[in-house]
Structures are given as C-alpha cells and as structure tokens.
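Worth knowing before you read on, the calculation uses all heavy atoms, side chains too, and leaves out hydrogens, waters and symmetry mates. All ligand and atom numbering here is 1-based and tracks the order in the structure.
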Amino acid sequence: MPLTAIAYETERPSPDPFDQPFPPHGKPVAALINLTKRYGSTTALDNLTLALRPGEVVALLGPNGAGKSTAVKMLLGLIAPTSGTARVFGADPREATTRTRVGAMLQVSRITEMIKVREHLDLFTSYYPRPLPIADIVRIAKLQGIEDRLFGELSGGQKQRVLFALALCGNPDLIFLDEPTVGMDIEARRALWAEIRVLSAMGKTVLLTTHYLEEADALADRIIVINRGRVISEGTPAEIKRNSGGRKIRCHTKLSEDQLSALPTVTAVELISGTTVVTATDAENVVREMLSRDETLSGLEIASPALEDAFLALTKS
Ligand code: ADP
Ligand code: MG
C-alpha cells in the first residue's frame, strides 16, 4: 500500500484524492505507516504499513516473534517507533485524546487477583466518560454466574473472558485483542469468537492478533500476514488461501500427467498410491475439463488448502 493512500483529516483538507483507495469504508481509523521498531539489534517491525478501516475485523496473523504484539503496542501508544508513523483516529496514539475510544486486551495483562469480577468491571467502567452498561458487558462477555467470584479463583479461560470484558468497558470504537484465545480449549475459543462477532455487529473496528489460522479464517474480514516484522500477504481469507497455490483435486483418472499439466491454472500433478492429485487455482474449470475428457473418472474430491498450509506457503522465505 502506498504511503499516500493513508490520509487523515488533520493532515489534508477534504475532499482528498488520496482517500480513493478506501471507499466505501472511509478513512482508516488506525494505521502504521512505514514504521520500523528496533530493540537493540532486533528489528521487530520492518518498514511496516497497515491500516484498519472503520468497522472491519482484521486479523494480524503470524508466527511467534513476527511482530504482532509490537504492532499492537505501537497502535496503543505504549511504545515509540524507531522511525515511521503511528496514527489512531488521526492522532499520535501516545496522545491521551484518543485513549477513551480504544480498548485493549493484551497478552500480559496484570490485574489484581484479590478482587471480584464485578469490582474490576466497576473500576474499569469508572475510568471512561461513556462506559458500556455493566449488564451489557456481562452479557457480551458471558460473565453471568462469575461476577461475584474473585478474579484469582477463575480458570484460565474465564480470566481471558474477564480481560476481554475489561477491553469493552469504555465502549470503545476500536478494540485490540492480542492473542485473545491463547491457552483456551476449542470450545472456549469458539465462544470467544462469537463474542468478537457481537462486537463487529455493533460496528466496532477490531484488530485481533493470532497464530491460529483457523481463528483468522473464522473471524476476519481481512487477514494481514506478517513475518519478521513485514507484511507478506494481505487479503480476505479466501484470497489468502487462493494465493497459496490453489485447491487440490483428487481422483482416479486415465488422463496422463502431461495432459493434466497442460490444463489452464494447473500448478502441480502428482500420483500418490494410485490416486491422481492435481493442484489448480481454478479447480472448477479443471474438473469440468477432466470430466469431459475422461468418462471413467471416479473418486473425485476437491479440497481447499487448510489455512495452515496457506500460511506455511506464505511465510516460507
Ligand atoms: P509476536 O507478538 O508476533 O510473537 P513480538 O512483537 O512480541 O512478536 O516480538 C517481535 C520481536 O521483537 C521478537 O523477536 C521479540 O523477541 C522482539 N521483542 C519484543 N519485545 C521486545 C523487548 N521489549 N525487548 C527486546 N526485544 C523484544
Ligand atoms: Mg505476541
């Protein structure tokens, strides 16, 4: 994305031709622009540019050490860039003015274990000028039944849900969730996904970091894959999968490897214990062609690459 694609009211008069890449979504609510962050000799973010558009759920997907948490901390104004720019609602995120519009659930969140869940909610909502009603927070984060428990007595999954709830207290327009489901079992993860979808339906902009590919696929309007502090791929979950080399067609066919390799969009043909496996970006048309050429074709299966495979293909460098 070109630097000029990110324009703010505070910086340029409206209407602005540089806004064009963003309709119908409008201007980004938050962005990192050519941002580099170094810790000594480690480059955590390497000339990274990304933007969050109003109301979208973006998954920042990458392996451990990719720079996900650094990007979130930068957008929260908790750390300063080595070079480049961070913007939230058109301002420097280190300025307190935007803080009340932002909520965050960080990987390392320390809150006291010695008080009750309800007391944490009372405390956090008191920090904000227009908090969400506590009843709404309890409903969204599914805290019914544990409001009167001490935070320190909760299970790991319940603690995560409370930290998620605390991110919502100020009724933020923009929410950062840094690996919100880490350590949860699949049932608890799916429950939190449903809660994140509620936020999205409320019109909130959500940036979620994850190394669970399934999670990015399930939740995100857009996935930004990062590795070693750089964007390596960006698109809808379907686009990310497509970029990873296409779908696999398995069948028994008398067509030869040469015949199959010659079909449009075929990228690979393998024979695996009697089954032919054809990889193609336009699987439907390849299948149509194969059926028209081989009336004996049988045992047909078409599989999308797991996002896991797509991710491995993308991050291989
Ligand atoms: P992720 O969240 O994707 O796992 P991080 O943003 O936490 O990645 O880290 C990116 C890189 O920056 C890693 O190599 C990590 O070791 C390094 N890093 C992060 N925070 C610090 C810090 N406070 N001091 C030194 N190095 C850091
Ligand atoms: Mg992290």
Enquirer: So does Tyr212 get a backbone contact from the side chain of Glu215, meaning a donor-acceptor N/O pair under 3.5 Å?
Expert: no
Enquirer: Has Glu187 got more than 12 heavy atoms of other residues, nucleotides or ligands less than 6.0 Å from its CD?
Expert: no
Enquirer: Can a donor-acceptor pair be found, under 3.5 Å and without considering hydrogens, that links the side chain of Gln158 to the backbone of Gly156?
Expert: no
Enquirer: How far apart are the closest heavy atoms of Arg99 and Gly77, and which atoms are they?
Expert: NH2-O, 3.9 Å
Enquirer: Once you round to the nearest 0.5 Å, how far does OG1 of Thr209 lie from CD1 of Ile224?
Expert: 12.0 Å
Enquirer: Check the Mg ion (ligand 2) and write out every protein N, O or S atom at under 2.8 Å, as residue and atom.
Expert: Ser69 OG, Gln107 OE1
Enquirer: So Lys142 and Phe164, side-chain contact (heavy atoms from CB on, under 4.5 Å) or not? Walk me through it.
Expert: CA-CA 10 Å; Lys142 300 209 171 59; Phe164 174 77; over 6 Å; no
Enquirer: Under the criterion side-chain contact (heavy atoms from CB on, under 4.5 Å), I'd like the reasoning laid out for Ile240 against Arg222: C-alpha separation, chi angles, the key distance, then a yes or no.
Expert: CA-CA 9 Å; Ile240 297 285; Arg222 197 154 57 89; over 6 Å; no
Enquirer: When you look for protein heavy atoms under 4.0 Å from ligand 1, which residues do they belong to?
Expert: Tyr39, Thr42, Ala44, Pro63, Asn64, Gly65, Ala66, Gly67, Lys68, Ser69, Thr70
Enquirer: Determine the sole option in Thr43, Thr49, Asp46 for which the side chain to side chain donor-acceptor pair (under 3.5 Å) test with Arg230 is passed.
Expert: Asp46
Enquirer: Is Lys68 reaching over with its side chain to a backbone N or O of Pro63, donor-acceptor style, under 3.5 angstrom?
Expert: yes
